[in-house]
Amino acid sequence: MEQIYRDRDYAIGYTIMAIHTLYKSANEQFTIKELMEEIKVMFVVYKEQDALMEATKRVLKEEGDIKLTFNAKEYITLKECAEHLGISKQLMSELVREKDFPCVRFKRRMLINRRKIRDWFDNNAGKRVKY
């Protein structure tokens, strides 16, 4: 019985590492087939199960709170974006005033390109926004 639990934990570890790798890749979308292939790659990368479990623990500690979203809308509202980023709606209102922020304005309505938000933050690291 103990072997079953250990094998289950290893299977979970391989899956977590595959999802983490795909999440960090340039592709923002992937298929179930691609996930399956990535899990197979993890079997090659992590031949030693102790190394697998250490890597899994590290990923869960560092990024265990990241929400994975499937079939998400490409454009989201100001409120949805604030919730996605974990910031206030007021701060979000200030961010969209930045010249190069990835959004489209329709009079008073604003839609934000969900996929380009991460790139925008990566390109503007250290930038101060008046709040």
Side-chain angles (χ1 to χ4, degrees):
M1 189 61 112
E2 185 177 320
Q3 182 65 36
I4 292 171
Y5 286 118
R6 238 190 334 234
D7 290 346
R8 180 197 63 183
D9 288 344
Y10 296 146
I12 291 168
Y14 286 121
T15 304
I16 287 171
M17 295 310 295
I19 290 171
H20 180 258
T21 301
L22 289 169
Y23 179 77
K24 292 292 186 177
S25 72
N27 288 347
E28 292 204 11
Q29 295 180 342
F30 55 88
T31 64
I32 298 284
K33 187 175 181 179
E34 290 170 323
L35 173 60
M36 202 170 67
E37 291 302 315
E38 192 61 33
I39 292 171
K40 289 177 185 177
V41 169
M42 291 300 114
F43 280 106
V44 174
V45 171
Y46 293 102
K47 291 179 182 174
E48 300 240 351
Q49 289 157 333
D50 290 339
L52 166 72
M53 297 314 289
E54 286 301 315
T56 302
K57 287 177 188 175
R58 180 182 43 77
V59 166
L60 289 173
K61 182 179 179 184
E62 293 173 6
E63 304 187 37
D65 293 336
I66 291 176
K67 292 182 181 178
L68 301 175
T69 306
F70 299 98
N71 295 327
K73 301 182 285 185
E74 188 167 350
Y75 287 90
I76 56 178
T77 66
L78 191 99
K79 180 181 176 186
E80 291 169 330
C81 190
E83 289 171 1
H84 172 71
L85 295 173
I87 61 175
S88 70
K89 190 174 173 186
Q90 183 180 1
L91 178 55
M92 192 70 235
S93 296
E94 294 298 322
L95 281 175
V96 297
R97 289 188 181 130
E98 293 294 313
K99 183 179 178 184
D100 59 343
F101 195 81
C103 64
V104 178
R105 293 171 178 85
F106 301 97
K107 293 186 181 183
R108 295 196 60 158
R109 183 172 168 99
M110 209 169 291
L111 293 176
I112 300 163
N113 188 320
R114 183 187 60 81
R115 295 180 183 177
K116 292 186 179 179
I117 292 171
R118 184 184 304 157
D119 293 335
W120 187 86
F121 274 97
D122 289 344
N123 294 331
N124 290 282
K127 184 177 184 179
R128 295 186 64 91
V129 175
K130 293 183 180 179
Y131 176 56

Under 6.0 Å from the CG atom of D122, do we count more than 12 heavy atoms belonging to anything else shown?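 Enclosed: over 12 neighbouring heavy atoms sit under 6.0 Å from CG of D122.
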Tell me, yes or no, whether the heavy-atom count around E48 atom CD, taken from other residues, nucleotides or ligands under 6.0 Å, exceeds 12.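 Open.
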Just wondering, do [Y] and [X] contact through their side chains at under 4.5 Å, heavy atoms?
X    : Y    : answer
R58  : K61  : no
I112 : F101 : yes
T31  : E34  : yes
Q49  : Y14  : yes
D100 : N123 : no

R118 charged N/C atom sitting above Y23 aromatic ring, 6.0 Å / 45°: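 So R118 does make the cation-pi contact.
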Working note: R109 + T77, criterion side-chain contact (heavy atoms from CB on, under 4.5 Å); need CA distance, chi angles, decisive distance, verdict. CA-CA 8 Å; R109 183 172 168 99; T77 66; 4.1 Å; yes
Which atom of [X] lies closest to which atom of [Y], heavy atoms considered:
X    : Y   : value
A55  : Y46 : CB-OH, 3.6 Å
A82  : S88 : CB-O, 3.9 Å
R105 : E98 : NH2-O, 4.5 Å
C81  : I76 : CA-CD1, 3.5 Å

Check the pair M92, V96 against side-chain contact (heavy atoms from CB on, under 4.5 Å), reporting the backbone distance first and the verdict last. CA-CA 6 Å; M92 192 70 235; V96 297; 3.9 Å; yes
With side-chain contact (heavy atoms from CB on, under 4.5 Å) as the test, would you mind laying out the steps for I87 and L95 before giving the verdict? CA-CA 11 Å; I87 61 175; L95 281 175; 3.7 Å; yes
